[in-house]
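For reference, positions follow the sequence shown, starting with 1. Keep in mind the model is a prediction, meaning the values are calculated, not measured. Counting starts at 1 for both ligands and their atoms, following the listed order.
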Amino acid sequence: MPSYNALQQSDPLVYDAVIGEMQRQVEGVELIPSENYISAPVMEAMATVFNNKYSEGYPGKRYYGGQKYADIIEQLAIDRAKILFNAGNANVQPHAGAPANVATYFALLEPGDTVMGMDLSHGGHLTHGHPVTYITKIFNFVRYKMKDVETGEIDYDEMREVALRERPKLILAGFSAYPRELDYAKMKAIADEVGAYTMADMAHIAGLIAGKAARNPFDDGFDIITTTTHKTLRGPRGGMILTREEDLGKKINKSVFPGFQGGPIMQMIAAKAVAFAEAAKPEFQDYAKQIVVNAKHMANLFMENGAKLVTNGTDNHLMMIDCVTSWGMTGQEVETLFDDIGITLNKNMIADDPRKPMDPSGIRLGTPAVTTRGMKEVEMEQLTTFMLSAIKKKDNPSAIKDLHEEVKTFCNKFPVPGIDLKQLS
Ligand code: DSN
């Protein structure tokens with residue numbers, strides 16, 4: 001870990017906030033399912049002089065000079081990503097997940113073309129065609145949903161009917177709040193029937209796919225995978241677009257640069273390369289499997305204690321709890337209560353939620369970050385007990401304060417990779 005001495009000297013306000021955030025991460029429990037802790041090598045690669053370099057173009061084909069080392073790191077990231085996900089092409093330049101998705105739409109579609117994606121209220125993502133996003137002014141989005149919110153089964157018959165009627169050019173799999181696996185083969189069959197491309201936005205489950213704890217959509221013939229690199233994949237904040245066929249990758253590359261972005265963020269690409277090498281190690285497979293074991297265990301514990309989970313369980317790293325039905329509380333009330341005991345998760349709409357996005361009925365939580373800290377089933381039991389106790393004692397401020405102290409003591413036993421507060425004292 002860097003000493004941060006120079007930062008402390010030159011900008012104490014920023015330094016204090018950095019140290020405060022480190023303390024928050026160490027002393028608290030992170031259950032937001034899209035968050036994680038990067039390793040020290042990934043963090044070191046991010047904080048490098050590659051920040052100073054402009055590298056428009058691709059390895060061997062750049063617009064500026066001085067690319068000897070930039071080419072090395074970008075080619076490493078590309079090659080490692082291709083092996084990790086069995087891809088024909090990897091574009092590691094997208095600055096984040098949303099630009100990766102938008103660049104993909106522009107690579108494949110003409111304005112006015114139709115895209116079919118999962119409804120946001122059933123677990124889809126804003127960038128899959130939510131009306132508040134600009135992209136809906138350009139492309140026409142149609143939706144699919146779960147047939148049965150008790151099992152999470154997608155209505156593939158309806159999806160086929162809508163596809164035959166609307167003739168989408170792109171069928172999109174992927175989600176940010178759906179706790180089950182999708183049937184990529186069924187989606188691919190529907191896409192083939194209407195001549196659509198298939199794209200999986202696997203941002204949430206990229207680490208599970210890399211670690212062989214979830215199915216790779218390429219195995220069912222999907223054309224494209226987009227992802228962020230900082231969630232279960234445990235890399236730096238950023239995005240990536242993979243194609244099964246090398247040729248389609250050429251369209252993607254043109255769309256990312258010069259079509260959409262300017263200079264790539266080379267220090268993040270260096271850190272992506274490091275993270276992909278980490279994810280290729282056998283121990284990452286153990287990590288990915290444990291994420292799912294932990295999530296299933298926690299979900300079962302909640303349900304045994306009377307909580308109502310959307311789809312009644314999970315197959316992946318996350319779960320959605322209907323707080324109104326479970327505890328007569330809103331998602332916001334539960335988020336705030338758990339914040340008070342040092343456990344972070346997020347309020348979230350549940351399927352067909354009658355409440356509003358900023359004040360929804362549910363919460364979303366997951367196990368990628370706590371699993372990185374080495375927690376296993378027994379710790380999931382402890383965490384669930386903390387959360388259920390908080391709900392029981394919610395009207396007793398001193399009991400909530402005591403619980404917060406217990407959570408801090410518990411966290412002491414599980415170091416966060418890349419953070420050593422003792423080095424700073
Ligand atoms: N903000 C991310 C998440 O939490 O799922 C998705 O963009």
Margin query: If you scan the protein for heavy atoms around atom 1 (N) of ligand 1, do you find one that is closer than 4.0 Å?
Written below: no

Item checked: Main-chain N/O of Asn348 paired to Arg364 side chain as donor or acceptor, under 3.5 Å -> no

Item checked: Nearest-contact summary for atom 5 (O) of ligand 1 - protein heavy atom, Å -> His204 NE2, 2.6 Å

Notebook entry, point to check: Using 30° and 60° as the class limits, which term best fits the ring planes of Phe414 and Phe410: parallel, tilted or perpendicular?
Noted result: tilted

Note to self: With a heavy-atom distance limit of 4.0 Å, tell me whether Arg364 approaches ligand 1 through its side chain, its backbone, both, or neither.
What the structure shows: side chain

Notebook entry, point to check: If you measure from each heavy atom of His125 to ligand 1, is any distance below 4.0 Å?
Noted result: yes

Item checked: Ser176: numbered ligand 1 atoms lying under 4.0 Å from its heavy atoms -> 5 (O)

Next item on the list: Answer yes or no: is there an ion pair linking Lys250 with Asp247, defined by an N-O contact shorter than 4.0 Å?
Entry: yes

Note to self: Donor-acceptor check, side chain of Asp353 to backbone of Ile350, threshold 3.5 angstrom: yes or no?
What the structure shows: yes

Note to self: Within the 4.0 Å heavy-atom shell around Ser34, which atoms of ligand 1 are there?
What the structure shows: 3 (C), 4 (O), 5 (O)

Item checked: Output field: ring centroids Tyr105/Tyr197 closer than 6.0 Å -> no

